[in-house]
2 protein chains.
Amino acid sequence: MASPCENVELFVDGELAPEDAESFRQHLPDCMRCQREVADLMQLRLLSRRHAEFAEAEPPRAPVPLFRRRPFMLGVAALAAALLVMVGVRLLRPSAPSHDVWLAQRPQRLLEARLGHPGADIHRPLAAKMMGGGGPLEDLPFDALAWLEREDAHGLAAAFLVRDDPGLADQALRKLEKLRRSPELDNDRAVALLLKGRPDEALRLLDAVLREHPRHAQALWNRALALRELGLSLMAARTFSEVTALREPGWSEEARQKAEALRRTTFERRDRWMAAFQSGLALLEAPPAILPEGFSQLPIARLFFYNAIRAAPNRERVLELLPLARELDARAGNGVLEGYVRRVAEADFSRRAPLARHYAAHVREHPPREEQERIIKALLQSREDDILLGSLATWDASTRHLELYTAKAAATGDLWFQLHAAQERAKAELAAGDTERAIRTLLDARKLCPARGMEYRCLFLERDLSHLYNQRYMAEAALAHAKKGWSDARAANEWNLEGDLLWMLSQVSRIVNDASLTRAYLGEYLERGRGNPVDEHRVHQHLASMAFQELRVDEARREMDAALATGLPLTSAGALVLADISRLKRAPGDEAHLKRALDAARPSLSAGGRAVATHILGRFYIEQDAGRGRDLLWRAIQEAEVPGLEEDSLARRARAYSYTSLLHDAGRRGDFKEALELFSRERGLKPPGQCLLAISADSERTLLLALSPSGELLGHFDESRRHPLPERLDGVVPEKLLAVLRGCSRVEVLARPPLHGRAGLLPPELAWSYLTRTTPPPAQRTGPAVHLVVSDVAVELSPDSPLKRLNAWTPGFGPDEQRVTLSGTEATPHRVLAAMKDATEIDLVTHGIISGHANTSFLLLAPGPEGAELRVPQVRGASLRGAPFVVLAACHAAHTAYSFDSPFSLPVSFIEAGARGVLAATVEIPDLEAESFFNAVRERIRSGAPPAIALRDERVRWLGQKQGAAWLESVLLFE
Amino acid sequence: MASPCENVELFVDGELAPEDAESFRQHLPDCMRCQREVADLMQLRLLSRRHAEFAEAEPPRAPVPLFRRRPFMLGVAALAAALLVMVGVRLLRPSAPSHDVWLAQRPQRLLEARLGHPGADIHRPLAAKMMGGGGPLEDLPFDALAWLEREDAHGLAAAFLVRDDPGLADQALRKLEKLRRSPELDNDRAVALLLKGRPDEALRLLDAVLREHPRHAQALWNRALALRELGLSLMAARTFSEVTALREPGWSEEARQKAEALRRTTFERRDRWMAAFQSGLALLEAPPAILPEGFSQLPIARLFFYNAIRAAPNRERVLELLPLARELDARAGNGVLEGYVRRVAEADFSRRAPLARHYAAHVREHPPREEQERIIKALLQSREDDILLGSLATWDASTRHLELYTAKAAATGDLWFQLHAAQERAKAELAAGDTERAIRTLLDARKLCPARGMEYRCLFLERDLSHLYNQRYMAEAALAHAKKGWSDARAANEWNLEGDLLWMLSQVSRIVNDASLTRAYLGEYLERGRGNPVDEHRVHQHLASMAFQELRVDEARREMDAALATGLPLTSAGALVLADISRLKRAPGDEAHLKRALDAARPSLSAGGRAVATHILGRFYIEQDAGRGRDLLWRAIQEAEVPGLEEDSLARRARAYSYTSLLHDAGRRGDFKEALELFSRERGLKPPGQCLLAISADSERTLLLALSPSGELLGHFDESRRHPLPERLDGVVPEKLLAVLRGCSRVEVLARPPLHGRAGLLPPELAWSYLTRTTPPPAQRTGPAVHLVVSDVAVELSPDSPLKRLNAWTPGFGPDEQRVTLSGTEATPHRVLAAMKDATEIDLVTHGIISGHANTSFLLLAPGPEGAELRVPQVRGASLRGAPFVVLAACHAAHTAYSFDSPFSLPVSFIEAGARGVLAATVEIPDLEAESFFNAVRERIRSGAPPAIALRDERVRWLGQKQGAAWLESVLLFE
C-alpha cells in the first residue's frame, strides 16, 4: 500500500472506505505533513463553498448564518454529519454574545459616559481610577467581538467604548461610521469623541440628537459631560438636572449629585469673589479689618488696595493698610507696595486729605468731563501723583491724557501701572483705527506676563488681545488669548473677568461658525448672569443671529423677541439680524426697533460703523420700498468706500453686504444683466466676457449667472432654500446653466463668500478655476524659472496626533528650472517665507491641518523659534515677487473658513501675496499619489497647457484609469 | 403531549427519540425561547466539560486543541457525531491563522518598523501616507485574532502593530507584557513604544537586546528608527548601515537608502555651515563679495558682520557691508545695523584705522592680559565704542569689566549686546558661586527671546541655562532648555551650537541615569566630531563612567583606556571614575594618570572642586595605603565643610563620596561601630540608639547596620555584587539583621542615597519609616490643628495622556480640626503652596507623574499662569510653618531620583520645607482604595498611634482582608 499521506484528499472529502479512514486516523497524530494538508484542504473546500454562496446575492442586513463564517469548524461538521448539523446549527444563532462584552456584569462601570447601545447602558458606580498612570487595560474578548461584528455592529463599537480606553475610540468611530445614522449611534460617536478629548465635536453631535429628541437620556448625559469638559459648569449642571428629571434608577441620582457638585463649587467661587469685591469697595471708607480671609489672593485685591491708599484721609488709615501691602508684596515677590505705603504715610495730610476725600467721592460717581479736567490740573500742581494716576484711570481719562499717564505710570516703577498704561495706549490706538498697532502694543506688554501679583492686569491684556484678533478674523490667535485668559481667570477666581473672557470665547466660536459651541458659551454666560437684562439682551441677540444663519426662522424670531423684551435697544449687530428676520417673518414693531437701535448707536459709531448702519436700513427697506432700499444700499457702499477705510472691517462688511442685497434684489427681478454688472463693480475688475460662472448665496437666496462661449448671459435665482448650503456644492448649478458652460474650453468661476473655494461646484470633466484675484495679474518676471520645492520637512509629530511621517518626495523639476530645495529641520515657516520671495514656481509638500477651533487650515512645517505653522496671515504678509504658480501638496490646503465678506484661505492668501495661481485640495490626499498627480500637472503646464486644462486633463486621465479617489475632484485651482 | 419546549434538555443531550427529536427540530425555528435555551444549555454542557478537562494539568505551551475553545460549535459537533469529531478535530489545528492578520499579502507595508514575529517581518515598500489626517484604519479580523490569542499571543501583538495605529499600541504592549522575555518580544515592545512616540524608551529596550544579540536585524532597524526620531541622524545612519551589512533582501536596500539620505542631509547642512563660517572669518580681511548665497540666514552671520565693521580699515570697506547690514536688518525687522554702518562710515579713519587693524589682528590671536588692559584703556579714550565692545567680548574681558561692558552695550540700543551682556553677567555671577542669581539673570534676558535676528544670542542663553540647571540637578528645567536650544539650532542650522546643545542633552540624560539615551547622544556627538581628540577624550571618559556605574568593569576599563589614549589629561570627573575602576581593575599607569589629571585641573578649581580632587586621591589610595587614603578623605571632608560651601554642589559631592569611601572601608574591616559613628557624623544628628537600620551601597559594595531593641549592634558587609541594585529592595537586608529588628515596635531606617526612599527594604509586618530629617524636628505648633485637603483638582487632561478624571474625594477630617479645602480650577501650584504655609495636616490628592526624562515625580495640579506642576524645587522653597504631617495621595509621589549625594524626591523636599512626616507611595495607586486607606491611617494617627505604627497596622489589616494590592507595600513613611 502506498503512503497513507496519499489519502488525505479522499479522507477530507469523506470518500475513504471506513477501514481506510480508520487507519488514516491512526496515522494522523504522528504525521505533521498530513495534519497540515488536512487543514489546508478543508480550508480550500470551505472557501469554494463560500464563494458559491456569496454569489447568491443576499440582503446586506439579513442574519448571516453562523456556519458560513467558521470555515474550520464547519469543515469538521460537514465531515461528520453534514445534514444534521446543517439543520441544527442554522437555528442556533444565540441572541447575545457569549461573553460579557459590555462589562455589564461588573459591579462598577469603567466609562463615565453613557452609551446608546442598550446592552451597555446599565448603571453602576464608577470604578476606581489610578492616581497617575492609566491603569490596566481590559482584555478584548475576540471571539465575542467576532460575533458582534457579524450580528451587532453597534454592539461592537459599544464594546470598544465601555473599556474607557482612548486607544480604542478610533476603532469604535470607524465601526460607527459605517452604520446608518440614528440618535443612539450619534450618541455613541459623541462618546468616542469625548474619549478622544474632543468635547466640542461631541457637543455638536449631541446637540443634533437632542434637537430631534430633547429627552434622549444618553445624549443629555453625555452633553453634560461634554459641557463639563469644556469648563461650562453651570450648563453642565443644568443638563445633568434634565437627566435627573427623567427618573432613571441610578443615573438620576448620579446626575443629581453631579449637578449639585458643579453648582456648589461654582457658586461657592462666585460668592467668595462677591464678598471680596464688596469688601474691596468698602475699603474706600472702612479700615482693612473688614477684609475676608484670603482677600489678598484675589488678583483684583491690588486694585482695591491702590484705591484705599488714595482715599485714605490720614496717616493712620494709610498705615493700617501696611499688612495688606506686605501680603500683596509677598505675592509679587518684591517690596513695591510697602515702599508706597511708607511714602504716602509721610505725606502732608493737611494738603493731601482733601484730595483723598475728593478721590473717594469720585471713584463712585465720575464728575462731568470739565470738572475732571479741572481736578486733573489741580492734582498736577499738587505732588500727589498717585491720586492723579488713580483719577485718570478711574475716569477713563488716561487715553485722553495718554502721554501724561504713561510718564506718571513709568515713574512709579510699579509694573502694574506700566501694564495698565500699555492697555490704555492700545485702546487709544484702536480708537484711532490702528488695530495692528494696538495689537503690537498689547503683545509687547504681554511679554512681561505672567508676572506674580499682576494677574489682574495680565488678564486684561488677554481679553483685549482676543477682542482685537477677533475683529480681524484671526480666530486662532483670538482663541489662544481667550483660552489663556479664561483659564487664568478661573485659576485666580477672578469672577468678573472670567465672564468677560467667556464672552470672548463665545465670540470666537461665533466667527468660526461653530453654532453648538457658541450656544454653549452663551448659555453659560446667561446662567452666570441670570436676571441681568443687559446680559440677557446681548445673549438673545446673538442666539437670534445664529438661528437665522441656520435658517431656523421661527427660532430666530423667538430669540429676537426675547432680546427686545428686555426693553434695551438692539446693538448694530442685532439690528442687522432683525432686518434679515423681518424679511422672512416680520413683526409690526420691527421698523421702530430698528430705528431706535440705530439712533441709540449712532453717536458712538465709527465711519465704518455708520456705513453698516446705513446698510441695515437699506437691507430692511428694500423688501418693502425697493427704491428707498436701493438708494440706502448705494449710500452705504459710498460710505464704505471712503479712502482710509480700506482695512476697516466694518466698512468692508457694509460694502459686501450691500452688494449682496443689491445682487439678490436684481436676481429676484430677473435682471441678470444688472446682476452681472454688480458682480463686476464689487470686484473692481472686469470679469471675462465669456465662459464665466458667477454665484452668490445669502441665507435662503441663491443667484447664479453663466456666460456662454459666445458671451450669452443665462441666470438663475432661487429663494426657497430652508437649509444652509452644504460644504460640497455638487448639484447647485442647474443643468440649464451647465449646458451652456459645457461648450467652454475652460470656465472661470466668480464665487462670492462663503462659497469661494468649495469643491464640487462644476463637474470633473470641465476645466475650471476660481477667479480669486481682485487686482490685475502680476507681470510674470522674465528670466529663468526658479523652482522652490519644500519637502521632506522635519515635522514634529506628537504621539497624540494621527499624523504619520510622509514618504520621501521626489521633486519634479523642469529642465530649464533653477532648482531650490528646502527640507528637514530647516524648513521652518520663517525660512520658507524667505525662500518663496523670488521663486517663480513653488511646491510646498507637507501636512496640512484644519484647526477645528478656528475653521482654517494651515501647513505644518519644521518648528522654528516662532512656531511650526504657516498660516494665512503670514502668507498674506509675504511678498511673492516672482508671481509664482504654487502647488500646495498637503491635505485641506484649500479649506476656506466661513466668512461673509471676504474669502479666508491659504490659496487666497497666496494670490493676495502675488501668486499667479494656486493648486490645492479641500480634503485629505495620500502622499505617493499626490506626488505623481501634482508632478504630472506641473509637467503639463510646462508643456504649455493652461493650468485649468492641465488639471482637468490629468484628473480625467486618473478617473479614467480608476486610480482616482474622491480627493481628485477636490483639487482646486485658484487664479 | 406537553409543550415541545420541555424537551430542550433531552434534545441537547441527544436523549430524545428520533421522531421526537425531528418534531422538536420542526418546532425550533418558530420558538425563540427554545433557541435560547438550547444555546444556553450547550454552553453549560461545554463549560462543565472544559472544567473537567482543565483539571488534568497540561503544560502551558502545549498545543491546545481547537475544539476546547469553541463552545457552540463543539456543542453542535458533539451533538452530531461526537466520536468521529473527537478524533478528527483534535488533530486539525491549523498552523496559521485563517486571515491575512499581519497584512503580509499586501504589496505595501503600513509599518515602518520591523517586527520580531516572523509572520510580520516581510519586506515591501512603505504605503502612502495621508498628508494631513490619519487616514483610514484597518479592519481588525476578530476571528483570526481570537485564534491568535489561543495559539500565538506574540502573533496577536504583531497583528496589532502591523496596522501602524498608535491606538492599538497599548493593546499590543499589554499582550507582550504577559509573555516571557525574548529578543523578539522585546523588539516588538520597542515597536509599540515607537508607535506611542516614546523613542527613548524603545531605545532602552533595543539596546538591551543588541547587547546580547548585536546582529539582531529587527532590533538594529528599530534602533535606527528610534535614533532618527530622537533627531540623532548620524547614529541612525550608522545603525541602518549595520542593517545593510546583514544583506537581507529588501531591508538591506531600504536601510542603505535611509542611511544615505540621513548622512547626505546632515553633512550637507554641516558643509553649508562650514562654508559660511569660513567666509565669515575671511570677512575680517576680504570684502563681502566672497559671501555664499544665504549667508545672512545663519544666526552667526551677525557676529561676523560686527567683526567685519570693526576691522574695516576704511570708509569704503564699511560701506561695502551695507547690503549685508540691510539683509540682517530685514531679518530683525528694524534698521539698527544700517544706522551703525552709516555712523561708522562717518568716522575719522585717520584715527580709527589703526584701532581697526589692531582689532582684526587680535581677534585671531588674543594679546596677553596686560596688553589687553592697555588697549582697553586706549579704546576708552578714543570714541570707537564699537571696537571697545568687540575687544572686550572677543577676549572674554567682558566679565572682568562687566559694568563697563554693560553700559556700553546698553548704549548701542542693539538687543544683541543687551543679550550678550546678560550672558556675561551670568558668567560672572556663576564664577562668584551664585548659581541662582546667574539663572535669574539668564531667565530675565531670555524673556526677550525669541527675537528675530538674535537667534545666535538666544541659543547661548538656552545653552547656559541648561548647563546651570544641570549643575543644580534640576533635570527637567535643564532638559527643557537644552531641547529648545537644540531644536532652534537645528532649525537655524547653527552647527556648532547644535553640537554644544547636543552635549548638554547628553549631560542631562547622564544625571537622570538614562544610560541608553546618554550613549546615543554621546555617540552622535562623537560621529559629528570624528577624529577630534578633544571630543573623543570627553566622550570616552563619560562612557567609562557610565559603564562603571552599571558595574560593567571591563567595558569601563576599555573606555577609560580609549580616553587616556588621546593623550589628554583626564578631567576631575574622569579621574574620579579612574579611581573607581582602579579598585576593581587596576592598570599600571593609573596613579600617574590620576596625578596628572589633578595637577592639570588644580589651577582652575573652585574650593568645592579642590575638595573633590582631594577626595579622588583619597578614594584611590585607600585601596592600597589605607592610612594615607583615610587621611585624604578626612581632609576632603574638612575642605568641603568650610563655611560658605553649604550650597556648593561639588563640595557636597566631595563630602558625601568621602563618607561613602570611609564607611565601606570600615565595613570591610568589620568595624561596624566605627561605621555607625560615621553614619552619625555624616548626618550631623545623632540617630536613635536602638531599633535602627542603617544602609549604604556603593557600586559593588553594600553595608548594613542594625541596632536591636536593647541597642546591640549587628553589621553586614558585602562587596561581591556585579549588578546594580534593583529598584525594590526586597531581600537586601539579611535575615540575621531582620531577626534583630523584628523585636522592635518600630524601626527607623537611615538609608544613604541612592537607596533612600525605595520600597521593600523591610517586610510589611514591621512598622518602619525612613529617617529623612537632618535637622532636629520642628516644634509642632500649638493651637488647633489646621487640616488642608487639596482634592477634586481641575487637572487638564490632554487626550494623549493616559490619565483619567479621578472620582470625587471625601476628605477625612478630625472633629477638632479647622477644615481648609482647595479644589477645582483654583488648586494651582501657587495657591496650594500658599495654603500649605500654616497647615498642620495636609492631604494632597491628585495625579502624580514620573517625568521619564527627568526621573523625578511631580504632582499635577490645576493650571495656573506658571504651570500646573508641583515639583521638588517649589516644595523645597516653601516654608511649612505648621510642621505638618503630609499625605501625598498620588501615584509615584515617593519616587526618588537617582542621585549619589542627597536624596531628591517630593517627600524629602516636604521634610526639608518643615514637614514633620510624609506618607507617599512609590508606585501607582487607585483612588477609591487610597481614599479609605489614607483616611484610615489618618484616623489611627489622630487616635494617638505613631505614624509608622498606624501605617503598619492599617497595611496589615488590608493585607489580612486580601484587599491589598501590591501598592500597599510601597506606601512609605518619611520622618
Side-chain angles (χ1 to χ4, degrees), chain A residues 25 28 35-36 39 73 76-77 80-81 84-85 87-89 91-92 94 126 128-134 137 142-143 145-146 149 167 170 174 196-197 265 450 487-488 490-491 493 799-800 802 804 806-807 824-826 828 847-849 862-866 890-892 924-928, chain B residues 25 28-29 35 39 73 76-77 80-81 84-85 87-89 91-92 94-95 126 128-134 137 142-143 145-146 149 167 170 174 196-197 265 450 487-488 490-491 493 799-800 802 804 806-807 824-826 828 847-849 863-866 890-892 924-928:
Chain A
R25 224 169 271 125
L28 248 187
Q35 289 175 25
R36 182 78 195 254
M73 291 313 295
V76 172
L84 174 60
V85 170
V87 178
V89 171
L91 303 168
L92 284 177
L126 274 168
K129 301 288 192 301
M130 281 294 157
M131 308 184 78
L137 294 177
F142 297 113
D143 278 319
L145 294 180
E149 179 151 64
D170 277 321
R174 181 155 189 281
K196 283 165 72 72
T265 52
S487 157
D488 288 352
R490 283 149 49 93
N493 191 25
D800 61 324
K804 309 267 184 198
L806 297 180
N807 289 291
T825 54
E826 291 179 87
T828 63
H847 284 295
I849 295 168
E866 297 165 313
C891 293
H892 308 295
E924 300 199 343
I925 58 177
D927 59 354
L928 298 177
Chain B
R25 223 170 271 126
L28 247 188
Q35 288 175 25
M73 293 311 297
V76 172
L84 174 61
V85 170
V87 178
V89 172
L91 304 168
L92 284 179
S95 56
L126 274 167
K129 301 288 193 301
M130 282 292 158
M131 308 183 78
L137 294 177
F142 297 113
D143 278 320
L145 295 179
E149 180 150 63
D170 277 321
R174 180 153 191 283
K196 285 165 70 74
T265 51
S487 157
D488 288 352
R490 284 150 48 93
N493 191 25
D800 61 324
K804 310 265 184 200
L806 297 180
N807 289 292
T825 54
E826 290 179 88
T828 64
H847 284 295
I849 294 169
E866 297 164 314
C891 292
H892 308 296
E924 299 198 343
I925 58 176
D927 59 354
L928 298 177

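Legend: residues meeting side-chain contact (heavy atoms from CB on, under 4.5 Å) with B:D170, ordered by chain and number and at least two apart, are A:L137, B:L173, B:K196.
The candidate from A:N493, A:T828, A:T265, A:I849 with the greatest count of non-hydrogen atom pairs under 4.5 Å with chain B is A:N493. Heavy-atom pairs under 4.5 Å with chain B were tallied for A:P926, A:G848, A:G197; the largest tally goes to A:P926. Most heavy-atom pairs under 4.5 Å with chain A, from the set B:H892, B:E866, B:H847: that is B:H847. Most heavy-atom pairs under 4.5 Å with chain A: of the set B:L806, B:D927, B:N807, B:D488, this distinction falls to B:D927.
For the pair B:G132 and A:C891, the tightest heavy-atom approach, listed with the atom from each and the gap, is N-SG, 3.0 Å. When all heavy atoms of B:A491 and A:P863 are compared, the pair lying nearest together is CB-O, 3.5 Å.
For the pair B:M131/A:E924, no side-chain contact is recorded, criterion being any heavy-atom separation below 4.5 Å from C-beta on.
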